[in-house]
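Structure first, then comments.
Position 1 is the first residue of the sequence; numbering continues from there. Bear in mind that the values here come from a model prediction, so they are computed numbers and not experimental data.
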Amino acid sequence: MEPAPVAIDRHPHLADPVDHGLLRVDCHSHTMWSGDCTTTLDELARSVAEAGIDVLCVTDHHAVAGAEAAREALPCRVVVGEEVRTHAGELIGLFLTERVPQGLPADETARRIRDQGAIVYVPHPFDPMRHCLAESTLFDLIDRELIDAVEAWNGKTSLRSLNRRAAELAVEAGLPAGAGSDAHVPDAIGAAYVEMTDFEGPTEFLAALATARVVGHHWDQPRPWSPRIVPSTTS
């Protein structure tokens, strides 16, 4: 099924219910299992409930243990994912059954994700502040049909033009468009998500994502949050 043109909307009230039969899915988030995040599962559970998220893709850096633990701790469905640093930038695997090692070539990383029956999802494709894939690698992977979906809206990307370019790429490449908060603090959960029909497993997820609605907060009106300082343990 060909993806529909990506329409990006902004919801001022995240906890409002979506249309009957649709799910609110945040495709990109982090927990304390990521080295640059301190969000506990208790904090995550509260934020998910406040944001009205139905499905949370937990995509910690180089770890799946947090996502596996979140399955039992959150008041929503959890997709086990991982954000993996390759030689050329980051890729996300969704519906993983085991951790994918970091530091491999991007094409090998994509194949290892696919070998698990999982989805290769490109986060923040043009944002240099988010360790995006090198453009030559991105387009090479698309040409080789090693990409399954593109993040059309990243909640931490400050320039709307970069998210717009990502949405245009999804349409041009004929790939489903996702959206995620990329939350590294609890209050950022729900800063970007998709509204999509229900699904079971990665194949149905991709089919539903192809007709999903991308919802993102404009960079000048984000969901309120503040940086967290991790106390130093040194004297």
Side-chain angles (χ1 to χ4, degrees), residues 9-61 63-83 92-99 118-119 121 123 149 151 153-156 176 178-209 211-217 222-228 230:
D9 298 317
R10 180 174 60 84
H11 270 272
H13 303 294
L14 285 177
D16 289 349
V18 296
D19 293 339
H20 179 70
L22 295 181
L23 300 175
R24 185 176 284 144
V25 182
D26 187 335
C27 297
H28 183 176
S29 68
H30 295 270
T31 74
M32 60 187 292
W33 276 263
S34 284
D36 57 353
C37 176
T38 64
T39 302
T40 67
L41 294 181
D42 286 345
E43 291 173 322
L44 196 59
R46 287 193 294 271
S47 292
V48 162
E50 291 170 359
I53 294 297
D54 300 296
V55 181
L56 185 68
C57 300
V58 178
T59 55
D60 286 320
H61 298 291
V64 296
E68 291 167 348
R71 281 177 160 174
E72 305 299 323
L74 300 190
C76 69
R77 286 157 55 184
V78 171
V79 171
V80 175
E82 178 191 356
E83 190 164 23
I92 282 177
L94 297 176
F95 296 91
L96 293 173
T97 56
E98 60 185 42
R99 178 182 173 273
I119 289 170
Y121 177 92
E151 190 166 72
W153 192 279
N154 176 279
K156 287 184 69 178
S181 62
D182 197 358
H184 284 67
V185 293
D187 286 347
I189 292 291
Y193 56 90
V194 291
E195 291 179 356
M196 59 194 289
T197 56
D198 203 354
F199 59 88
E200 265 191 53
T203 300
E204 289 188 10
F205 178 90
L206 276 180
L209 194 63
T211 57
R213 184 165 71 108
V214 171
V215 181
H217 285 266
R223 188 165 186 237
W225 67 277
S226 58
R228 306 180 79 190
V230 180

Residues Arg77, Asp198: salt bridge by 4.0 Å N-O rule: yes
Give, for atom OG1 of Thr197 and atom CZ of Phe205, the distance between the pair rounded to the nearest 0.5 Å. 10.5 Å
What pairs of residues pass the salt bridge (charged side-chain N to carboxylate O under 4.0 Å, His left out) test when at least one of them lies in residues 66-76, not counting sequence neighbours? none
Is any side-chain heavy atom of Ile189 closer than 4.5 Å to one of Leu56? yes
Could you check Cys37 against Val185 for side-chain contact (heavy atoms from CB on, under 4.5 Å), going step by step and ending with a plain yes or no? CA-CA 7 Å; Cys37 176; Val185 293; over 6 Å; no
CG (Leu94) and CG (Leu96) are apart, to the nearest 0.5 Å, by 7.0 Å
Which distance, rounded to the nearest 0.5 Å, do you find between the OG1 of Thr203 and the CD1 of Ile119? 7.5 Å
Would you say the side chain of Phe199 lies within less than 4.5 Å of the side chain of Val55, judging by non-hydrogen atoms? yes
Hey, could you give me the OG/CD1 distance between Ser181 and Ile53, rounded to the nearest 0.5 Å? 7.5 Å
Please name the pair of heavy atoms, one in Val48 and one in Cys76, separated by the smallest distance, quoted to 0.1 Å. CG1-SG, 3.5 Å
Under 3.5 Å, side chain of Thr40 to main-chain N/O of Glu43, donor-acceptor pair present? yes
Can you measure from CD1 (Ile92) to CG (Asp182) and round to the nearest 0.5 angstrom? 7.0 Å
Side-chain touch Val80/Phe95, heavy atoms, less than 4.5 angstrom: no
Looking only at heavy atoms, which two atoms of Arg24 and Tyr193 are closest? And how far apart? CG-CD1, 3.0 Å
Looking only at heavy atoms, what is the nearest atom pair of Leu206 and Ala149, with distance? CD2-CB, 4.2 Å
Residues in side chain to side chain contact (heavy atoms under 4.5 Å, CB included) with Ala70, at least two apart? Leu41, Val58, Leu74, Val78
Return yes if a side-chain donor-acceptor contact under 3.5 Å exists between Glu82 and His61, otherwise no. no
Should Arg213 and Val194 be marked as a side-chain contact (heavy atoms from CB on, under 4.5 Å) after you check the CA-CA gap, both sets of side-chain angles, and the distance that decides it? CA-CA 5 Å; Arg213 184 165 71 108; Val194 291; over 6 Å; no
Treating Ser29 as the side-chain partner and Ala183 as the backbone partner, does any N or O pair qualify as donor plus acceptor under 3.5 Å? no
side-chain contact (heavy atoms from CB on, under 4.5 Å) for His28 and Thr59? Distances and angles first, verdict last. CA-CA 6 Å; His28 183 176; Thr59 55; 3.1 Å; yes
One should read off an interatomic distance between His30 NE2 and Glu83 CD, to the nearest 0.5 angstrom, of 4.5 Å
Run the ring pair (Phe, Tyr, Trp, His ring centres under 6.0 Å) test against Tyr121 and tell me which residues pass, sequence neighbours left out. none
How about Trp33 and Val64: do any of their side-chain heavy atoms sit closer than 4.5 Å? no
Work out which heavy atom in Ala192 is nearest to a heavy atom in Gly155; give both atom names and the distance. CB-N, 4.1 Å
Does any part of the side chain of His184, heavy atoms only, come nearer than 4.5 Å to the side chain of Thr39, both counted from C-beta? no
